[in-house]
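Only heavy atoms go into these numbers, but all of them, side chains included; no hydrogens, no water, no symmetry mates.
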Amino acid sequence: MFGEYKYSVWALSVKLFFVYLGVFFIDLLVTVGLLGVFKEENLAWNWFVQFLALLIFVFVTYLFAGGEGKRDIMVDSANEKRAERHEGFVSEIKYDERKGFLAGALAQAPAVILFIVWVSTGSNQNIISILLNLFYSPFFQIKDSLGFNFLSLIIIILLFAGTTGLSYLSAKSYRKKILTIIKRNEEKAKVKGIIKK
């Protein structure tokens with residue numbers, strides 16, 4: 001996995017990191033806008049807004065990783081067809097069931113580095129602490145329940161990697177649906193050809 005296709009895993013993890021940052025800013029705008037609805041603090045509303053922000057985050061991440069999986073499967077299909085015609089390969093990128101999980105975990109590497117620096121400094125009032133809290137604001141419920149520690153960091157990484165991995169895997173069922181439709185259309189075309197004869 002980390003040999004021939006190493007580049008594609010790292011490339012996907014970088015894309016996922018920037019998707020994470022982009023959705024974070026969208027979530028921040030939504031959260032700040034909706035939390036200002038009530039003048040007094042409303043705990044139920046706060047939790048609803050945080051849950052909505054998490055849903056937006058998961059939805060966008062899931063769509064993006066699924067799209068990447070579909071793209072890799074399409075490249076594989078093109079590779080297979082070209083190999084059958086002895087025309088070589090289109091690209092070295094290849095669909096691998098582990099790719100979404102690995103790339104999702106690797107996308108969290110900057111936060112892990114920040115966490116290690118934060119633990120080594122031992123201060124809750126420095127810029128690293130502020131960056132970590134901002135970075136993991138979509139997972140407010142976990143941070144709030146467990147505090148910000150190694151366990152919550154692992155849970156957040158697993159949730160993100162799980163979302164990207166499962167989404168990437170969903171491309172396989174998409175591929176099966178496409179192949180079924182193609183096969184059905186080919187059979188219909190054959191039947192029409194027989195009828196014409």
Side-chain angles (χ1 to χ4, degrees), residues 1-27 53-117 131-132 135-139 141-143 150-187:
M1 179 66 185
F2 277 103
E4 191 179 350
Y5 306 111
K6 179 169 72 174
Y7 170 76
S8 65
V9 174
W10 283 104
L12 180 57
S13 69
V14 170
K15 288 179 188 176
L16 286 170
F17 175 74
F18 284 108
V19 166
Y20 188 102
L21 289 182
V23 180
F24 158 74
F25 285 113
I26 292 166
D27 271 359
L54 183 62
L55 278 181
I56 292 168
F57 182 82
V58 169
F59 180 72
V60 174
T61 304
Y62 194 89
L63 280 180
F64 179 81
E68 288 292 309
K70 288 173 188 175
R71 184 185 65 83
D72 284 356
I73 279 184
M74 284 169 36
V75 168
D76 273 357
S77 297
N79 286 344
E80 286 168 18
K81 286 176 185 174
R82 292 193 113 197
E84 285 169 11
R85 296 191 301 258
H86 305 290
E87 293 176 4
F89 289 94
V90 176
S91 164
E92 287 187 354
I93 295 172
K94 186 177 178 180
Y95 178 85
D96 189 299
E97 292 176 351
R98 300 166 291 179
K99 187 174 174 182
F101 295 103
L102 288 170
L106 286 171
Q108 297 296 306
V112 173
I113 293 165
L114 281 174
F115 183 81
I116 292 166
V117 172
L131 287 173
L132 272 172
F135 192 74
Y136 284 123
S137 62
F139 300 98
Q141 291 90 344
I142 295 168
K143 271 191 331 178
F150 189 68
L151 176 63
S152 62
L153 178 73
I154 293 296
I155 290 170
I156 289 166
I157 291 170
L158 289 175
L159 281 172
F160 185 74
T163 301
T164 58
L166 291 173
S167 175
Y168 189 85
L169 276 177
S170 71
K172 211 170 186 179
S173 61
Y174 169 80
R175 167 87 170 133
K176 284 178 185 174
K177 285 176 189 174
I178 295 296
L179 288 175
T180 305
I181 291 166
I182 290 169
K183 192 174 181 181
R184 196 182 310 139
N185 289 342
E186 283 175 355
E187 286 170 4

Colleague: Please give me the minimum heavy-atom distance between Leu16 and Ala107, naming the atom from each residue.
Modeller: CB-CB, 3.9 Å
Colleague: Please list, chain by chain and in numerical order, all residues satisfying side-chain contact (heavy atoms from CB on, under 4.5 Å) with Phe18, sequence neighbours excluded.
Modeller: Val14, Leu21
Colleague: Could you measure the distance from the CG atom of Leu106 to the NZ atom of Lys99? Nearest 0.5 Å is fine.
Modeller: 12.0 Å
Colleague: Taking side-chain hydrogen bond (donor to acceptor under 3.5 Å, both in side chains) as the cut-off, I'd like each qualifying pair that reaches into residues 16-26, sequence neighbours left out, listed once.
Modeller: none
Colleague: What's the shortest heavy-atom distance between Ala171 and Ile73, and which atoms?
Modeller: O-CD1, 3.3 Å
Colleague: Just wondering, do Phe59 and Leu55 contact through their side chains at under 4.5 Å, heavy atoms?
Modeller: no
Colleague: Mind jotting down which residue pairs meet the salt bridge (Lys or Arg N to Asp or Glu O under 4.0 Å) criterion with at least one end in residues 55-70? Sequence neighbours excluded, please.
Modeller: Lys15-Glu68, Glu68-Arg71
Colleague: For a quick test of your reading: what N or O donor-acceptor pairs under 3.5 Å do the side chains of residues 156-170 make, sequence neighbours left out?
Modeller:
unit_1	atom_1	unit_2	atom_2	d
Thr163	OG1	Leu159	O	2.8
Thr164	OG1	Gly100	O	2.9
Thr164	OG1	Phe160	O	3.3
Thr164	OG1	Ala161	O	3.0
Ser167	OG	Tyr62	O	2.2
Ser167	OG	Gly66	N	2.7
Tyr168	OH	Asp72	OD2	2.5
Ser170	OG	Ser167	O	2.5

Colleague: Among all residues two or more places apart in sequence or in another chain, which pass the ring pair (Phe, Tyr, Trp, His ring centres under 6.0 Å) test with Phe101?
Modeller: none
